[in-house]
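Chain identifiers are assigned alphabetically (A, B, ...) following the order of the sequence lines, protein sequences preceding nucleic acid strands; residue numbering begins at 1 within each chain.
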Number of protein chains: 2
Amino acid sequence: MREPIEARHPARRQPLFQVEDTDFMFELSQLRCFVAVAEELHFGRAALRLNMTQPPLSRQIQILERVLDVTLLERSNRAVRLTPAGRRFLADARHLLKLAESAAALARRVASGKAGSINIGFTATSAYSYVPALVAACRRELPDIEISLKEMVSSDQLKRLDSGEVDIGLLRPPIPRGGLGAFRVTAEPLVAALPGGHPLAQADQPRLEDLASEPFIMYEPYEARYFHDLLVELFSRASLVPNYVQHLAQIHSILAMVHSGVGVALVPEAASNLRFSGVVLRPVLMQWERPAELFFVWRSDNDNPLLPVIAGIARDLAAQAGSIQSMDRSIQ
Amino acid sequence: MREPIEARHPARRQPLFQVEDTDFMFELSQLRCFVAVAEELHFGRAALRLNMTQPPLSRQIQILERVLDVTLLERSNRAVRLTPAGRRFLADARHLLKLAESAAALARRVASGKAGSINIGFTATSAYSYVPALVAACRRELPDIEISLKEMVSSDQLKRLDSGEVDIGLLRPPIPRGGLGAFRVTAEPLVAALPGGHPLAQADQPRLEDLASEPFIMYEPYEARYFHDLLVELFSRASLVPNYVQHLAQIHSILAMVHSGVGVALVPEAASNLRFSGVVLRPVLMQWERPAELFFVWRSDNDNPLLPVIAGIARDLAAQAGSIQSMDRSIQ
DNA sequence: CCGATCCATCCAAAAAAGGTATCGACCTAT
DNA sequence: ATAGGTCGATACCTTTTTTGGATGGATCGG
């Protein structure tokens with residue numbers, strides 16, 4: 001094109017002047033041609049295998065050799081042999097073709113949601129029961145995906161969802177309207193956390209007012225806002241004024257305090273998975289009940305193909321857990 | 001050809017039915033297109049970078065996506081974004097392009113003799129001095145090549161040279177005429193191997209007839225034919241009839257025998273590299289001298305590009321060693 | 001609502017790839 | 001020795017693909 005016409009047919013017998021603009025590269029189809037010839041060591045048979053005729057095959061091999069500036073095949077009139085460079089390149093050619101194949105397959109898998117990676121944010125308390133169950137289910141149904149988990153409070157999750165750093169948030173209400181999809185995955189009752197020897201631990205089901213008259217370990221109003229606000233509303237509706245002796249954000253810290261006899265607390269049922277020795281959990285009798293809710297949240301315009309798949313898994317899991325949970329509660 | 005004529009012009013105008021026979025594969029040029037677009041996130045700029053115009057670029061990306069059956073790029077009218085599958089495929093595409101590049105480079109290196117692999121056969125005795133020197137020189141000048149060394153007797157080397165299992169033979173004469181190239185790389189004098197306390201070990205230069213009157217350790221006539229025949233001729237020309245007390249093939253076995261006082265022997269000078277304790281080596285005074293020769297031999301039609309390069313190294317080494325050797329001898 | 005931006009589409013022209021026929025070298029068999 | 005067969009390269013023509021300019025259509029900012 002930018003070369004003079006005569007350069008099109010340079011006396012091909014002198015490879016001396018073959019400058020080869022270097023931005024030229026072979027194509028995978030040429031590798032396929034080469035592999036076929038190298039395996040058959042016969043242009044005719046190779047052409048047959050490639051569903052083409054021999055002359056264009058010869059030409060493709062010549063082009064490949066010219067681009068590489070390497071003789072790959074030694075053609076005597078009676079036999080075709082690989083040169084050492086050809087032998088070396090054959091291995092690489094096979095490798096490249098295989099990689100190309102698997103790159104295509106992987107792209108397809110990612111697009112169909114069978115493979116890929118996803119970032120999930122979760123609140124500290126959800127880690128006690130729902131998150132492990134969800135991750136286990138995903139690992140089972142989508143063994144090839146990469147799940148990256150990050151613990152953060154609900155408000156941070158919303159920020160990261162917005163910025164795209166997180167694909168899925170497992171967080172506490174409230175959930176802002178704009179551009180987010182969400183559904184509830186757990187709704188656990190709050191249970192009383194009591195020191196083993198505490199009088200209330202004898203009762204099957206202490207009443208909320210009993211707890212309110214004990215030294216009470218409360219949630220931190222900012223880092224654990226959801227539980228803080230939930231308890232405030234609970235006590236307020238019951239017209240109770242508990243005696244807050246300590247504010248903490250983490251459930252395991254609260255249970256440690258209960259263990260040490262600092263006071264009693266209300267924790268979500270999933271805390272039972274912590275199995276804190278010397279601390280007993282008891283369902284609480286209360287007038288107005290509200291479960292601790294956890295939501296599965298995503299950005300509506302997130303196009304990660306794993307999202308709908310994992311959302312489906314999460315929904316199924318929630319349904320199962322829900323039925324078990326209600327069963328549990330009916331037993332109590 | 002075997003298809004009906006009409007099948008040649010399938011209704012190409014309906015992409016609706018483009019079933020894509022799946023044996024179609026993308027090409028590296030399309031990967032380059034995709035990488036450019038994915039990096040620029042802008043078809044126009046990417047086209048500029050690829051030295052083409054935007055429409056064909058768009059088309060190539062579409063073809064790539066159709067072949068993969070995966071949407072790689074999300075084109076809103078205002079911005080281009082990668083889909084998750086596209087992000088995944090981008091990494092693979094870059095990897096493939098890099099591999100293709102280095103495969104080409106490696107093929108060129110192999111063709112030019114800067115890389116590659118070569119099989120070298122050598123006789124047991126050559127391992128004491130010339131082979132290590134040659135291998136060291138090759139490792140220094142051709143750090144990227146793979147040298148495979150196999151010890152075998154000269155006749156076996158010739159067989160393997162013929163079959164192509166060995167590219168280079170380091171062997172003893174005679175060398176058959178047919179289709180082989182060869183040059184001499186070492187010519188070492190034979191020296192006397194004597195027990196440390198032996199009377200002849202006191203002399204600076206024992207005479208051949210002195211050795212012939214001692215119990216003499218001889219080379220095995222088949223496995224060490226070259227040295228056997230050499231010594232036979234040596235003694236025959238000097239009209240000596242030595243007293244052969246033992247026949248052995250390996251030099252180190254012979255020296256061990258000398259060490260044990262079984263007798264004396266004649267060994268090539270390079271045996272001094274063995275440093276056998278209690279055995280002294282002495283130059284021998286003889287009428288008619290003939291050095292033990294080692295040849296570098298290859299098949300004339302061997303097209304391994306390393307062959308001429310290593311042959312050059314071997315020749316240089318021989319020249320150097322030759323001069324040092326003569327120096328050594330002049331000192332003695 | 002208009003102009004700018006940007007990707008997709010259309011179409012004619014150019015390039016590339018494919019196919020048929022044939023060449024030329026070489027090996028084999030008569 | 002020579003005729004016939006084999007096999008890769010070449011010549012030449014046809015088909016397919018790619019290219020690039022022009023244009024379309026959607027969207028965003030002013």
Under 4.0 Å, counting only non-hydrogen atoms across every strand here, what does [X] touch: a base, just sugar-phosphate, or nothing?
| X | answer |
| --- | --- |
| A:Gln54 | base |
| B:Leu73 | nothing |
| A:Gln62 | sugar-phosphate |

Could you list, one pair per line, each protein nitrogen or oxygen that sits under 3.5 Å from a nitrogen or oxygen of nucleotides 25-29 of chain D, together with the distance?
{"from": "D:dA26", "atom 1": "O4'", "to": "B:Asn77", "atom 2": "ND2", "distance (Å)": "3.4"}
{"from": "D:dA26", "atom 1": "N3", "to": "B:Asn77", "atom 2": "ND2", "distance (Å)": "3.1"}

Of the candidate nucleotides [options], which contains the atom at the shortest distance from the side chain of [X]?
| X | options | result |
| --- | --- | --- |
| B:Pro55 | D:dA22, D:dT18, D:dA11 | D:dA22 |
| A:Val80 | C:dC7, D:dG21, D:dG8 | D:dG8 |
| A:Thr53 | D:dT10, C:dA17, C:dG19 | C:dG19 |
| A:His42 | C:dC6, D:dT18, D:dG8 | D:dG8 |
| A:Gln60 | D:dG8, C:dA17, C:dC7 | C:dA17 |
| B:Arg75 | D:dT18, C:dA8, D:dG8 | C:dA8 |

(message) Taking the basic N atoms (NZ, or NE/NH1/NH2) and the acidic carboxylate oxygens, is any pair closer than 4.0 Å for B:Lys159 and B:Asp162?
(response) no

(request) Flag the pair A:Glu293 and A:Arg172 as a salt bridge only when some basic side-chain nitrogen lies within less than 4.0 angstrom of an acidic carboxylate oxygen. (result) no

(request) Would you please name every residue forming a salt bridge (Lys or Arg N to Asp or Glu O under 4.0 Å) with B:Glu146, sequence neighbours left out? (result) none

Does any N or O in the side chain of [X] come within less than 3.5 Å of the main-chain N or O of [Y], such that one atom is a donor and the other an acceptor?
| X | Y | value |
| --- | --- | --- |
| A:Asp303 | B:Thr83 | no |
| B:Arg75 | B:Leu73 | yes |
| A:Ser76 | A:Ala79 | yes |

(request) Kindly say whether the aromatic ring centers of A:Phe26 and A:Phe89 come within a distance under 6.0 Å. (result) yes

(request) Rounded to 10°, tell me the angle between the two end axes of the helix from C:dC1-D:dG30 to C:dT30-D:dA1, each built from five pairs. (result) 20°

Once you round it to whole Å, what is the distance between [atom2] of [N] and [atom1] of [X]?
| X | N | atom1 | atom2 | answer |
| --- | --- | --- | --- | --- |
| B:Glu27 | C:dA16 | CD | P | 14 Å |
| A:Ile61 | C:dG18 | CD1 | C1' | 15 Å |
| B:Gln30 | D:dT17 | CD | P | 12 Å |

(message) Just N and O in the side chain of A:Ser58: are any of them under 4.0 Å from OP1 or OP2 of D:dG8?
(response) no

(request) Using a cut-off of strictly less than 4.0 Å, decide whether B:Arg59 has a side-chain nitrogen or oxygen near OP1 or OP2 of D:dT18. (result) yes

(request) Could you say whether B:Pro56 or A:Arg45 is positioned toward the 5' end of DNA chain D, judged by the nucleotide with the nearest heavy atom to each? (result) A:Arg45

(message) If only side-chain N and O atoms count, and only distance matters, is there a donor-acceptor pair under 3.5 Å linking A:Glu165 with A:Ser163?
(response) yes

(request) Find the distance between CD1 (A:Ile120) and CD1 (A:Ile118) and round it off to the nearest 0.5 Å. (result) 6.0 Å

